[in-house]
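Here the structure comes first, spelled out in structure tokens, and everything after it is commentary.
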Amino acid sequence: MRFSRLLVPTTKETPNDATLASHIFLIRGGFIQSVGGSGLYNFLPLGKKVLDRVRGVVKEELDNAGCQEVSLSFVTPASLWEESGRYEKYGKELLRFKDRKDNEFVLGPTHEEMMVNLVRQSVKSYKQLPLNLYQINLKFRDEIRPRFGLMRGREFLMKDGYSFHTDEADMKREFNLMEETYKKIFTRLGLEFRVVEADSGAIGGSGSKEFMVLADSGEDTIVVCDGCDYGANIEAAVRQEKQCDAPAPQLGSEKVHTPDASTMEELASFFNVDPFYLVKTVAMRALYDEGKSQIVLFALRGSDELQEVKACNAVDANELVEVSEEELEAAGLVPGFMAPFDTPKEVRVVVDTTLKGATHLICGANEKGYHTTGNTIEGDFAYHDIVAVQEGDACAKCGGTLRYTKGIEAGHIFQLGTRYSEPLGCTFLDENGKAKPMVMGTYGIGVSRLLAAIIEQHHDEKGCIWTKESAPFDLYIMVSNIKDEAQLALGEEVYEALQSAGIDVLFDDRKDRFGAKMKDYELIGIPHAVIIGKKLSDGLVEFVTREGMVKEEVPSEEIVSFIRERLC
RNA sequence: CGGAGUGUAGCGCAGUCUGGUAGCGCACCUGGUUUGGGACCAGGGGGUCGAAGGUUCGAGUCCUUUCACUCCGACCA
């Protein structure tokens, strides 16, 4: 491709809403163009090329693993979503609309329903299973706050795959195969990543893993162990039960006047005890379908923090929101002095598992200005793991130290079970002619997000540095001064020779000066370049590696074979 | 949805307080010079100043309403 013919509107200036390197360079490098600035982007020729290459890697590995590509209709009848029960549960991110006949539709944010529908219509026998179908198509999620360019757009390209099995064991086999396949994909794309245990969120099901591309700019906090390969999203991370060296307060069961102590710090210093022996009672409002809601008290040790996703799962709610003090008082609770005991009966209580059987605890007295000491937690509370793992906690697997790191969620695989096949009646006949729901797995990769993830990991202050398998072109050739006939002639010659050798070359034949072309090259970030310039009079050209901007001088007559050796 | 802010040329911004010819940089077009780090000179095109209503002889500027977007918090590939 000749640069002079390619639509690459590079800019010197940074768009004012871009803060992330990937966002800045994808826009400045002319890869993408913002549409109305609301999480919608056009892919320009360069961006489309990268997208296609990344998509190609994904497709190749999936096909090798025995998956089959399909393409599902983007507009989905709402009735399917009603069948699965997600029409309500999915919330406002689901874009709903009506056609001219007033029939309701949604724009697919994910396609479990559609794929199950496809399979239930065409698969009837155990002989047709297992089956792994995928598509690489647009998704639309009406995000509350789209941002960071391709990292969190409203419309995005996603690979979503679904597998169907006769039993749990076969689904797990496929799940493991997909984990290995995903590792191959991310490795080929040149990404440094970590596979972590994850929460299943709105998709449902059990046992899910996320593929986190490590980057400081990542939106997810992941917990990793420095002693073993344990890794988990903060939303799902577990730890060894915490121990406390400080002595337990030896106080009997009494009510103590604590007028100014309502926070954990104040309370700990008031009683002069470790926060480990305090009970923190956090009130949240749990939201359910059809506008129902309930106040829930979450009790945990004063030394711990509530993990909201875990808490939300514990009460099976759609969402947890904060509760105002007024609402708490109206429900008969005393903000700042709440206890998990003797609560009004419309208030639900969830206790962290580590408090089960705990003694010598200090907690609120359900009375303004008072706490009680010498409490023991026993009996039939609803016990759940609701705490956030903290840095420095001990790994449950090996006892090593857990640390936080930031990641970009690039892939997520789920063991779904019969969460969708059952309500949607996706069954097969087994050897005995008996109908059973298929056991499913589901597997996603954020393909357009991968472009952002690659740049987050591979850039410098000057621009993008694409990896071998993601680069829009294999090589860039610059003719420094196109008025210099010798330079231009050699450029044309090398360009032709490499093109016919199957190397995808971007030939910069523009009239601009050296500096301007160099800036564009650095911004666009093709892995290697050949610069035909001044040194041609000494019979030399330069071979540049974008990573580190390393320059090597090569005799001009050897450049074609040199490149074929380096790039192939 | 809560908090903060911004809407003026394709992009980045000034002008708004104090009403009076709509400006600057980048980009774009023409001609010329220049060619190893985002060149220079000369000329040129491009705007219902987010929208609606009001005040006024006159509104980008003042008043009212409204919409959109961005940033900080809770969702997700």
Side-chain angles (χ1 to χ4, degrees), chain A residues 9-19 27-28 30 33-40 58 90-94 109-111 136-148 150-161 182 198-203 208 210-213 218-220 233 235 284-285 287 308-309 311-312 318-322 324 407-414 442-453 462-463 478-484 487-488 510-523 531-536 542 549 551:
Chain A
T10 58
T11 63
K12 248 189 280 195
E13 299 196 61
T14 302
N16 68 353
D17 60 331
T19 50
I27 299 267
R28 285 194 48 211
Q33 180 184 57
S34 169
V35 182
S38 55
L40 304 175
V58 172
Y90 216 92
K92 286 193 172 169
E93 273 172 44
L94 184 62
T110 170
H111 279 170
I136 301 175
N137 265 347
L138 276 183
K139 296 286 175 291
F140 190 91
R141 290 187 192 171
D142 200 357
E143 291 277 348
I144 305 163
R145 195 146 106 74
R147 59 183 141 175
F148 304 141
L150 295 185
M151 198 71 91
R152 176 173 303 280
R154 288 199 293 175
E155 186 181 278
F156 57 99
L157 190 68
M158 177 163 129
K159 170 263 156 177
D160 50 323
Y182 275 32
D199 172 65
S200 299
I203 309 283
S208 82
E210 286 170 334
F211 292 74
M212 291 289 185
V213 172
E219 292 186 84
D220 287 86
N233 192 304
E235 297 169 354
M284 304 284 285
R285 181 176 291 281
L287 305 183
E308 267 193 47
V309 173
C312 188
N318 292 346
E319 195 183 345
L320 291 182
V321 295
E322 287 179 23
S324 68
I408 299 163
E409 184 183 356
H412 200 159
I413 58 178
F414 298 80
T442 178
Y443 321 95
I445 294 180
V447 178
S448 47
R449 175 180 282 181
L450 275 176
L451 305 208
K462 291 171 174 168
M478 186 211 291
V479 172
S480 179
N481 179 0
I482 63 159
K483 286 205 174 156
D484 182 316
Q487 288 183 19
L488 185 59
R510 292 176 302 169
K511 194 169 166 286
D512 297 62
R513 300 165 66 113
F514 177 85
K517 287 190 270 201
M518 206 59 197
K519 291 284 183 197
D520 276 346
Y521 167 67
E522 285 162 339
L523 194 52
I531 296 173
I532 299 169
K534 265 183 167 176
K535 290 172 184 159
L536 184 59
E542 283 164 294
M549 288 304 289
K551 295 181 181 175

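Nothing here was measured: the structure is a model prediction, and the numbers come from that model. By convention in this document, chain letters (A, B, ...) are assigned in the order of the sequence lines, proteins followed by strands, and residues within each chain are numbered from 1.
- Taking atom P on both B:rA39 and B:rG60, the two are 38 Å apart, rounded to the nearest angstrom.
- For B:rU48, there is no paired base (Watson-Crick or G-U wobble, both distances below 3.5 Å).
- For B:rC49 and B:rC62, the P atoms lie 15 Å apart once the distance is rounded to whole Å.
- Across all strands shown, A:Glu210 has no heavy atoms under 4.0 Å from either base or sugar-phosphate atoms.
- With both ends at atom C1', the span from B:rC26 to B:rG46 equals 14 Å, rounded to whole Å.
- Both distances falling under 3.5 Å, in either a Watson-Crick or a G-U wobble arrangement, place B:rC24 opposite B:rG12.
- Residue-to-nucleotide contacts include a donor-acceptor pair under 3.5 Å from the side chain of A:Arg152 to the base of B:rC76.
- Across all strands, A:Glu542 comes closer than 4.0 Å to base atoms (heavy-atom distances).
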At a cut-off of 3.5 Å, list every protein nitrogen or oxygen paired with a nitrogen or oxygen from nucleotides 27-33 of chain B, distance to 0.1 Å.
none

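- Residue A:Arg449 has no polar side-chain atom (N or O) positioned under 4.0 Å from OP1 or OP2 of B:rC76.
- Within the 4.0 angstrom heavy-atom criterion, only backbone atoms of the sugar-phosphate kind lie near A:Met158; the bases stay farther away.
- Taking atom CE of A:Met478 as the reference point, atom P of B:rG37 lies 11 Å away to the nearest angstrom.
- The residue A:Arg510 sits apart from the nucleic acid: no heavy atom pair falls under 4.0 Å.
- By the 5.5 angstrom centroid cut-off and the 30-degree plane limit, A:Phe514 is classified as not stacked against the base of B:rG37.
- Comparing A:Arg28 and A:Glu235 against RNA chain B, the residue whose closest nucleotide sits nearer the 5' end is A:Arg28.
- The nearest pair of heavy atoms linking A:Tyr443 to A:Lys159 is O-NZ, 3.4 Å.
- As judged by a 4.0 angstrom heavy-atom cut-off over every strand, A:Asp512 is placed among the base-contacting residues.
- Nucleic acid contact class of A:Asp484 (heavy atoms, under 4.0 Å, all strands): none.
- Partner assigned to B:rG36 is none, using Watson-Crick or G-U wobble distances below 3.5 angstrom.
- Every salt bridge (charged side-chain N to carboxylate O under 4.0 Å, His left out) that A:Lys139 has, sequence neighbours left out, goes to A:Asp160.
- Between the P atoms of B:rG32 and B:rG37, the separation comes to 25 Å (whole Å).
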Just the table, please: protein N/O against nucleotides 4-12 of chain B N/O, every pair under 3.5 Å.
| from | atom 1 | to | atom 2 | distance (Å) |
| --- | --- | --- | --- | --- |
| B:rG12 | O4' | A:Glu13 | OE1 | 3.4 |
| B:rG12 | O2' | A:Glu13 | OE1 | 3.3 |

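- At a threshold of 4.0 angstrom between heavy atoms, the contacts of A:Val309 are confined to the sugar-phosphate backbone, with no base atom among them.
- On a pure distance criterion of 3.5 Å, no polar donor-acceptor pair joins the side chain of A:Arg147 and the base of B:rU70.
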